There are 2 protein chains.
Amino acid sequence: MRTGKGVEWAVHTLLNLAWLGDGEPVPTARLAAVHDLSASYLNKQLQQLVKAGLLESVPGARGGFRLARPLEAVSMLDVVLAVEGDDPLFRCAEIRRCGTIGERVPAGGFSRPCAVNTAMGRAELAWRKALAAQSLADVRAEAEAHAPAVGSYVRGGFGRD
Amino acid sequence: MRTGKGVEWAVHTLLNLAWLGDGEPVPTARLAAVHDLSASYLNKQLQQLVKAGLLESVPGARGGFRLARPLEAVSMLDVVLAVEGDDPLFRCAEIRRCGTIGERVPAGGFSRPCAVNTAMGRAELAWRKALAAQSLADVRAEAEAHAPAVGSYVRGGFGRD
DNA sequence: GCATATCTGGATAGTAAACATCCGGATATG
DNA sequence: CATATCCGGATGTTTACTATCCAGATATGC
């Protein structure tokens, strides 16, 4: 059980766009080149970010993607939900009611909640809260704190992270 | 991204064994029958629980599985780690250093930590703490709180949940 | 208007992981 | 010895993830 690469791709790409600074749209091909990613596939992830309102896309020549909001206004949870969807980490299959012996609940349902599902849900809520508490600006700040040599960022050629 | 069914199977099976009460080992076939699960596959999950020290197995005729410790001493995290392994939810592919443009780190590595990985790791820690804070006894209590009719539990034929 | 560059979305294919079954070997019961 | 069961490896099935490709729409610049 683990998150897909899309999350990593998306966060780094959003940070790259912020580093670039100007509001000029950047095409997928250049964003992909920064980290040697598949342009076609990265594009699919970016489309998800557009749908979620984190990016704006500009079609046509000289088009591309640009941030829809500042990094301060984007949480890690926003990115994860945009890329992975908002399905729960734990999907309760309700096996408790499928038994040949245990409780029989009419197909309609209307039973009390499954305690296992509730417990897993509490943990997922903690995960989401922790993700929501961290903005991309925080992540950028942390990355920079480890890299005091700000001058080493390659502007125009893209920095790293 | 989601947890496998093994977690749900394992938790319900552990609760079933606790409801049974006596220390007699219960064979996989009966445990599987309670929830209409595949006996062969459930057995694989139970083997993981044995390795993790949550269950004891008894080979031979009249053999089966029994709890290795009381529910109070087993956390939801114990079960999740036993079944799913302790790989991180987010696996950092270190794409930040793979770029043709960005930072070049000698293959040896020795760079500062990836801030994206750190942020995701914090969220996972919150998830694990929330799981560790809930014991199977808590889950059982919550299930029973919703089902005041204790007498409805089918002893000998297994209750539900 | 036209050639070019780019996003959009669907179709498709490849790969990895999860899910599930089967079987031979070991162990214990009676 | 016949039976019941756990154990672990081999194998097959299904699902999700990863990745590619192409036709269509849109915008730029000449």
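Within every chain, numbering begins at 1; the chains are lettered A, B, ... in the order of the sequence lines, protein sequences first and strands thereafter. Note that this is a predicted model, so its numbers are computed, not measured.
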Engineer: With sequence neighbours excluded, what pairs up with B:Glu124 under the salt bridge (charged side-chain N to carboxylate O under 4.0 Å, His left out) test?
Structural biologist: B:Arg128
Engineer: Starting from C1' on C:dA20, measure out to CD on B:Gln48 and report it in whole angstrom.
Structural biologist: 15 Å
Engineer: Spell out protein contact along nucleotides 12-19 of chain D as letters: B when the base is contacted, S when just the sugar-phosphate is, - when no protein heavy atom is under 4.0 Å; keep the 5' to 3' order.
Structural biologist: ----SSBB
Engineer: With a 4.5 Å cut-off on side-chain heavy atoms, are B:Leu71 and B:Asp138 touching?
Structural biologist: no
Engineer: For nucleotides 2-4 of chain D, which of its nitrogen or oxygen atoms have a protein nitrogen or oxygen under 3.5 Å away, and what is each distance?
Structural biologist:
| unit_1 | atom_1 | unit_2 | atom_2 | d |
| --- | --- | --- | --- | --- |
| D:dA4 | N3 | B:Ala61 | N | 3.2 |

Engineer: Please name the residue in the list A:Leu67, A:Val26, A:Leu15 that meets the side chain to side chain contact (heavy atoms under 4.5 Å, CB included) test with A:Leu20.
Structural biologist: A:Val26
Engineer: What is the distance from CG of A:Leu37 to C1' of D:dT20, rounded to the nearest Å?
Structural biologist: 15 Å
Engineer: Please report the distance, rounded to the nearest Å, between CG in A:Asn43 and P in D:dC21.
Structural biologist: 14 Å
Engineer: Take atom CG of A:Leu46 and atom C1' of C:dG9, then tell me their distance rounded to the nearest Å.
Structural biologist: 15 Å
Engineer: Rounding to an integer number of Å, can you tell me how far B:Asp36 CG sits from C:dC19 C1'?
Structural biologist: 17 Å
Engineer: Tell me, which pairs form a salt bridge (Lys or Arg N to Asp or Glu O under 4.0 Å) where one or both residues lie in residues 74-86 of chain A, sequence neighbours left out?
Structural biologist: A:Arg69-A:Asp78
Engineer: How close or far is atom P of C:dC7 from atom NZ of A:Lys51, stated in whole angstroms?
Structural biologist: 16 Å
Engineer: D:dC6, OP1 or OP2 - any side-chain N/O from B:Gln47 closer than 4.0 Å?
Structural biologist: no
Engineer: So, do B:Met120 and A:Val80 sit near enough that their side-chain heavy atoms are less than 4.5 Å apart?
Structural biologist: yes
Engineer: So, is A:Ser57 close to the C:dT6 phosphate, meaning a side-chain N or O under 4.0 Å from OP1 or OP2?
Structural biologist: no
Engineer: Could you give the CG-to-P distance, from A:Leu42 to C:dT6, as a whole number of Å?
Structural biologist: 14 Å
Engineer: C:dT6, OP1 or OP2 - any side-chain N/O from A:Thr28 closer than 4.0 Å?
Structural biologist: no
Engineer: Atom CE in B:Met76, atom CZ in A:Arg122: separation rounded to 0.5 Å?
Structural biologist: 9.0 Å
Engineer: Please name all residues satisfying salt bridge (charged side-chain N to carboxylate O under 4.0 Å, His left out) with B:Arg91, sequence neighbours left out, ordered by chain then number.
Structural biologist: none
Engineer: Table please: side-chain donor-acceptor pairs of residues 44-63 of chain B below 3.5 Å, with sequence neighbours left out.
Structural biologist:
| unit_1 | atom_1 | unit_2 | atom_2 | d |
| --- | --- | --- | --- | --- |
| B:Gln47 | NE2 | B:Asn43 | OD1 | 2.6 |
| B:Glu56 | OE1 | B:Arg66 | NE | 3.3 |

Engineer: Could you check whether B:Thr13 and B:Asn16, counting side-chain N and O atoms only, form a donor-acceptor pair closer than 3.5 Å?
Structural biologist: no
